[in-house]
Amino acid sequence: MSDPLLELEGVEVRYGTVPALRDLSFAVVPGEIVGLIGPNGAGKSTTLHAVMGALPLNTGSIRLAGQPLAGLAPEQVARAGIALVPEGRRIYGGFSVEENLRLGLAARQEDGADEALAEVLSLFPVLAEYRKRPAGALSGGQQQQLAIGRALVAGPRLLLLDEPSLGLAPAVVDTVFAALATIRERGVTVLLVEQRARRTVAFCDRTHVLANGRLRTTLAPADADDTRALVAAYLA
Amino acid sequence: MTRLDTALGLLVPAFLVVIVGVLAATASRANEIHYLSALVAVAMVVAIYVFVGNSGVLSFGQISFVAVGAFAAGVLTVPSQSKSFVLPDLFPFLRDTTVGNLASLGIAAAVGGAFAFLVGMPLMRLSGLAAGIATFAVLEVTHNLLREWTSIGPGATTLSLVPETTDALQATLGALAVVLVAWFYSLSRPGRLLRATREDAAAAQAVGVSVHRQRLGAFTLSGALAGFAGGLYVHMLGSITTEQVYLELTFLTLAMLVVGGIASLWGAVVGALAVSGLDSLLAKAEDGSFVWDAPSGTRLVVVGAMMALVLVLRPAGITGGRELSLPRRKSE
Amino acid sequence: MSLVAAVDAQTLVDAVGLGAVYALMAVGIGLVFGVLRLVNFAYGQLVMAGAYTLAFTSAWPAAASIAACFAVVLALSLALERSVFRPLRTQSPAVMLVTTFAIAFLLQSVALVLDVRDGTIGEAARSLGGLNQAVSVGGVDVRKVTIVAVVVAATALGLLALLLERTTIGLHMRAAAADFRTARLLGVQADRVIGLAVLLSGLLAATVAVILTVQSPLVAPDFALKETIVVLVGVVVGGIDRLWTATLGGFAIGFASGVINGALPTDKSVFLPSAVFALVILVLLLRPAGLFARGPAVERV
């Protein structure tokens, strides 16, 4: 097992006096896809935002390849090599698809911006087709592809996805997961937050279950069909 | 909040007002004006608080109501012999009517309230920035009309010869009255409904609260109280000009409210007294009657700086923006 | 006599000039609002500071005087951003508005203290007085400064549009104005974008100071206060949420003021402010989000 790319240790996050994450510890190794599931309000989104530096930590530490992320502003975390595909996609509807992608280049540290753009456009052909059109004209699934593409263009070491299948039709969800499979093949490490428990558990190398801000259990793909284990983990 | 807390919410500000009133009554002639202006300031700021504090809607126009109240009370109490001479263009009805002191205060409140109602009917549908600008526009229109329309007042000249009937007793009682009304309003059903809209207007509307109606009610009440305060003001100064009820007063009263704590009654009182006190101190320093000499204009600088500082460092104001409550033992 | 008949070419030209200056100020206010969501009531004080600098350096060669003006305004803008706007970022719009209101009074009062030391209020800025002369264009007297104002405004707006649409930093600024949180998560540097907005805003304020002192050389602490108030009103009426609607609002209110002023008979023109502000109230009632804002006026209660 190589050195972890992302490491959370004893992380506690509060909204005012209400704890959202308690004593959260887990690691993500380079090349892995790790899932994070759990009921609403469990703290999954909070975890991603804490990693991105958008939420302050009460205690605990978050490290990227050994370097602590404490006190870094979100744009600095992005530039350190972590890209977030936010919940609800948060696309700039008034801008063109190309402008949205170019925006993603803001975090890019190395050269090769044009190649990265070309790669993303080949990964998601619909984006090439709608290149100059306003992003607001895209369908939900297409916007999701744009959001992922926008994150990839930055050449991140770690990709965070916050419920990418939210609000999408099942067929479209397939496209999204197919894209994630390709991304995984290209060696990008992924932390995937999802609502769809079964599919996530089946897809990811490991899936952590979060409930009430705590890590309850970790499931392997083999557990995907074990409904009892899933329910028990959610209700624990 | 316990019953005791509620009572404290009235008693503490009232007590402060009474203390200042006593100081006013026992002060020297030269200093009396400072205490009186503090009391009148309390009346104005609490009037503003009734609307701004309870609704959460920022209004830059409340001084308009102080203005109409002041001018109404002023014009109607200038001795009739002088009026036709000094204010030749007045409407006959205004020129020929002269009322007593208390009546003028009542009329000031009525005029302020009526004007507020008229203006508020359309305007209370607005929130946020639009409300701020629209109420500011009301201030501008009021100022312009008072300044140029010589049929209703002195126009650009000073209205003088107004009887100086605001003494320590009247100022204290006046301020107390305004505080009392504000307190009653806060506790009343309309007051509570309005505060609900302040927290979450959409939710309040969803349970059937008419945001427009509640805001209009508070706005009208605020206008009436402000008009009343204007009456006290003009009778304190013995004269009035349009510039005295315009931008600078708007800034000062807003500063007082914000520094004290925008969302509470006692914040309004504390803010008014504190800033008024500072202002008076600086005014004395400016004309050299104090320990150190300050160049003219310093008082606005310091008040402005203080307001900015409080806003940056402690936006909730001196009182923290909450109503008074006794410290409670944490029973978790 | 109908309004239309009362408006002649002279009035129109002057109104366009006024609109141009107001448009420049509107952009300055709109840029800062876009990235900071802060309405800078103290914007006029930046113009005032520039005007005072021009006044105090009247004896210098014009170019040096103008350079000093720009330097002072830029320094003041950056100082304001650092000391006031930055800590205020998390506050409600009401608190921000009141604070900048306080800063406006504070700066005005400081100016009063500094100015009055020589015994009188007001300093004269003489640098570019030549521009106040008029040339005759097709029978209409146009002051050179009006032409300068229009040309400068058009150029500035054009350059700004290019910056925003064609450059990376412009893209970042637009993104920050539309959704700052997401922009930061994508790597857009907040400080840089805000710094640029403040810088541009300052440049525009300095430009306005130069143009206004040509028309009104006497500088007092309330220099540009009336204009700022009117522009702010115009910006909100136009629609503060987007830069071009804000600019249009600024231009529109300037133009409207100019036209109404020229059209009203002299004895009635004292009521100009009432007319303008009554119009403002009307517009805000009909379209609270702004005259040019997109979609129906949905009231955010």
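Reminder, nothing fancy here: chain letters follow the sequence lines and each chain counts from 1.
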Compare every heavy atom of A/Pro74 with every heavy atom of C/Leu185, then report the nearest pair and how far apart it is. CD2-CB, 4.0 Å
What is the minimum heavy-atom distance between C/Asp179 and A/Tyr92, and which atoms define it? O-OH, 2.7 Å
Non-hydrogen side-chain atoms of [X] and [Y] separated by less than 4.5 Å:
X: A/His49; Y: C/Arg181; value: yes
X: C/Gln189; Y: A/Arg79; value: yes
X: C/Leu186; Y: A/Arg150; value: yes

Side chain, backbone, both or neither: which part of A/Arg90 has a heavy atom under 4.5 Å from chain C? both
Quick one: does any side-chain atom of C/Arg184 pair with a main-chain N or O of A/Glu75 as donor and acceptor, under 3.5 Å? no
Check the surroundings of atom CZ in C/Arg86: do more than 12 heavy atoms from other residues, nucleotides or ligands lie under 6.0 Å from it? yes
Should we count CZ of A/Arg186 as having more than 12 external heavy atoms under 6.0 Å? yes
Quick check on C/Arg174 against chain A: is it the side chain, the backbone, both or neither that has a heavy atom closer than 4.5 Å? both
If you apply the rule side-chain contact (heavy atoms from CB on, under 4.5 Å), what do you find for C/Thr168 with A/Arg102, and how did you get there? CA-CA 8 Å; C/Thr168 308; A/Arg102 287 203 172 275; over 6 Å; no
